[in-house]
Q: 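Here's a structure for you.
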Amino acid sequence: MDLKTQYMGLELKNPVVVSASGLTSSADGVKKAIEAGAGAVVLNSLFEEDIAAAVGDAGVTTASIHPEAEVYAKHMGMLLQPDSYLELVERSVGEVPVIASLNCYSKKWWVDYAQRLENVGANALELNLAPMALDSRTTAAKLEDELVEMVYLAREAVTLPLSVKIGHSFTSLPHLATRLESAGANSLTLFNRYYNVDIDIENVSFQSGNSLSSPQEFGPVLRWVGILSDTVEMDVAASTGLDGAKELIKALLAGANVGQFCSTLYRNGLKQIGVILDELSEWMENHGYENISDFYSLLSLNDDQRDAFYHRLQYVKALKGKR
């Protein structure tokens with residue numbers, strides 16, 4: 001079977017992408033992912049806190065700004081140095097497309113590093129954007145405006161293909177997606193999975209919840225892939241809840257260009273990539289498909305005008321089905 005596909009104008013040998021994680025935090029990790037068969041890799045995110053710490057901004061700490069950065073720092077024992085990240089990009093580019101990742105919340109430092117990442121050879125850039133309203137004065141419109149502004153800034157700073165990784169907590173994702181596309185984004189990654197907040201009731205203290213996703217979280221991803229792939233001209237990457245070939249096939253049928261895998265690789269090892277590709281090939285052969293394009297987006301929003309599986313009506317159908 002021919003598994004080649006296009007993502008943000010990049011030629012991929014297959015649609016399996018290793019998402020940003022500790023698996024891609026070193027050149028050796030990237031090499032192992034490529035040897036296991038990955039079509040592309042997203043490097044572990046460079047947090048804005050890392051950049052601020054490197055330039056001596058005492059007003060920014062990992063504990064006070066972004067919980068994901070705090071967890072990362074605790075697990076790794078230290079912050080990733082920005083210069084080391086540039087070196088990681090240089091050492092990783094080559095056999096398959098390498099996508100750098102910036103986990104940002106403001107525009108103070110990161111535009112400069114976006115340009116540096118382009119200069120050292122990154123094939124694309126994923127903007128891992130996670131604004132959160134923490135007070136009643138912050139409106140939904142303000143958060144969306146900030147997202148769009150950061151994409152505008154990134155597009156002005158670099159010519160690299162840009163993917164925007166966002167969460168699903170927006171009132172109208174199609175409207176936001178259209179704005180992000182107009183700002184210069186080439187792809188949406190659905191969705192950003194936040195670290196779960198948990199509380200230790202014995203010690204009466206905060207702790208991190210489960211950091212790995214499960215297939216049960218895939219439903220919202222599939223729904224919005226199907227809707228947004230027909231709403232905008234951008235490419236779409238499915239992320240969160242992809243456990244194996246079944247989820248990847250569903251995502252491709254709904255209109256995703258690629259699937260990003262992480263948690264299943266932690267659970268099963270990088271050998272899982274080969275399993276996914278073998279099962280994808282077997283499914284294609286059994287259904288008479290020779291290329292990804294033969295079945296790509298066969299079941300997206302525009303193909304669902306009669307039964308409305310992507311609409312609210314399905315809630316009623318689900319209830320009736322249980323009687």
Side-chain angles (χ1 to χ4, degrees), residues 7-8 10 17-27 29-30 40-55 57 60-62 65-73 76 79-93 97-132 143 146-167 180 183-195 234-235 237 239 260 262:
Y7 179 53
M8 296 192 291
L10 303 171
V17 177
V18 179
S19 63
S21 67
L23 296 169
T24 57
S25 62
S26 68
V30 172
V41 295
V42 184
L43 298 180
N44 197 18
S45 294
L46 177 64
F47 289 93
E48 181 164 333
E49 290 83 359
D50 302 327
I51 301 172
V55 298
D57 188 348
V60 178
T61 66
T62 59
I65 296 298
H66 202 298
E68 189 172 353
E70 182 182 12
V71 172
Y72 173 80
M76 301 301 291
L79 287 173
L80 184 66
Q81 294 297 315
D83 289 344
S84 299
Y85 194 84
L86 297 175
E87 182 181 349
L88 171 62
V89 174
E90 282 188 299
R91 295 180 60 191
S92 299
V93 294
V98 170
I99 303 169
S101 173
L102 285 177
N103 192 309
C104 324
Y105 57 89
S106 73
K107 57 187 178 183
K108 186 172 183 180
W109 304 112
W110 68 269
V111 170
D112 174 59
Y113 275 86
Q115 294 172 332
R116 296 190 190 193
L117 290 168
E118 182 173 40
N119 291 337
V120 296
N123 299 113
L125 180 60
E126 183 176 87
L127 303 178
N128 193 339
L129 303 177
M132 183 177 295
L143 290 179
E146 289 177 356
L147 283 176
V148 173
E149 183 182 8
M150 281 192 275
V151 176
Y152 268 121
L153 288 170
R155 177 46 67 216
E156 290 178 354
V158 300
T159 60
L160 289 173
L162 291 176
S163 176
V164 182
K165 189 174 186 179
I166 58 174
L180 293 173
N186 302 102
S187 172
L188 282 177
T189 299
L190 309 174
F191 287 109
N192 196 332
R193 186 180 188 273
Y194 306 115
Y195 280 100
M234 287 186 290
D235 288 345
S239 179
Q260 288 196 8
C262 179

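Nothing here was measured: the structure is a model prediction, and the numbers come from that model.
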Q: Kindly indicate, with the supporting measurements, whether the criterion side chain to side chain contact (heavy atoms under 4.5 Å, CB included) is fulfilled by Asn123 and Leu160.
A: CA-CA 7 Å; Asn123 299 113; Leu160 289 173; 5.9 Å; no
Q: Using only atom types and a distance under 3.5 Å, with no angle test, would you say the side chain of Arg91 pairs donor to acceptor with the backbone of Leu86?
A: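 Side chain of Arg91 to backbone of Leu86, a donor-acceptor pair under 3.5 Å: no, none is there.
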Q: How long is the straight-line distance from CG of Leu102 back to OG of Ser45, given to the nearest 0.5 Å?
A: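 Rounded to the nearest 0.5 Å, the OG-CG separation comes to 8.0 Å.
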Q: Using the side chain to side chain contact (heavy atoms under 4.5 Å, CB included) rule, take Leu129 and Met150 through it: C-alpha gap first, then chi angles, then the decisive distance, then the call.
A: CA-CA 9 Å; Leu129 303 177; Met150 281 192 275; 4.0 Å; yes
Q: So, the side chain of Thr24 versus the backbone of Val42: is there a donor-acceptor pair under 3.5 Å, distance only?
A: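 The answer is yes, because a donor-acceptor pair under 3.5 Å joins these two groups.
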Q: Is the positively charged end of Arg116 above the ring of Tyr113, judged by distance under 6.0 angstrom from the centroid and angle within 45° of the axis?
A: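 Checked: cation-pi criterion met.
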Q: One pair to check against side chain to side chain contact (heavy atoms under 4.5 Å, CB included): Glu118 and Thr159. What are the steps and the verdict?
A: CA-CA 8 Å; Glu118 182 173 40; Thr159 60; 2.6 Å; yes
Q: Considering non-hydrogen atoms only, spot the tightest contact between Ala122 and Val89 and give its length.
A: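 Closest approach of Ala122 to Val89: N-CG1, 3.7 Å.
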Q: Looking at Tyr7 and Ala237, what are the two nearest heavy atoms and their distance?
A: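 In this case the closest contact between Tyr7 and Ala237 is OH-CB, 3.5 Å.
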Q: Do you know which of Ser101, Ser239, Ser187, Ser19 makes side chain to side chain contact (heavy atoms under 4.5 Å, CB included) with Glu126?
A: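 Between Glu126 and the candidates, side chain to side chain contact (heavy atoms under 4.5 Å, CB included) is satisfied uniquely by Ser101.
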Q: Drop me the distance from Lys165's NZ to Leu188's CG, to the nearest 0.5 angstrom.
A: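 One gets 12.5 Å once the value is rounded to the nearest 0.5 Å.
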Q: Report the residues that fulfil side-chain contact (heavy atoms from CB on, under 4.5 Å) with Ala124, sequence neighbours left out, ordered by chain and then residue number.
A: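 For Ala124, the residues satisfying side-chain contact (heavy atoms from CB on, under 4.5 Å) (neighbours in sequence not counted) are Met8, Leu10, Ile99, Pro161.
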Q: Can you give me the closest heavy-atom contact between Ser25 and Leu88, atom names plus distance?
A: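 Scanning both residues completely, I find the closest heavy atoms to be O-CD2, 3.7 Å.
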Q: Strictly by modelled atom types, are Asn192 and Asn128 linked by a side-chain donor-acceptor pair under 3.5 Å?
A: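 Per modelled atom types, Asn192 and Asn128 side chains form a pair under 3.5 Å.
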Q: Report the C-alpha separation of Leu162 and Met234 in whole Å, then their side-chain angles, then the decisive distance to 0.1 Å, and conclude whether the side chain to side chain contact (heavy atoms under 4.5 Å, CB included) test is met.
A: CA-CA 10 Å; Leu162 291 176; Met234 287 186 290; over 6 Å; no
Q: Between Val164 and Thr189, is there a side-chain heavy-atom distance shorter than 4.5 Å?
A: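 No, too far: nothing below the 4.5 Å cut-off.
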Q: For Leu125 versus Ala114, what's the shortest heavy-atom pair and its separation?
A: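 Heavy atoms only, the tightest pair is CD2-CB, 3.9 Å.
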Q: Any side-chain heavy atom of Leu43 within less than 4.5 Å of one from Val98?
A: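 Yes, close enough: below the 4.5 Å cut-off.
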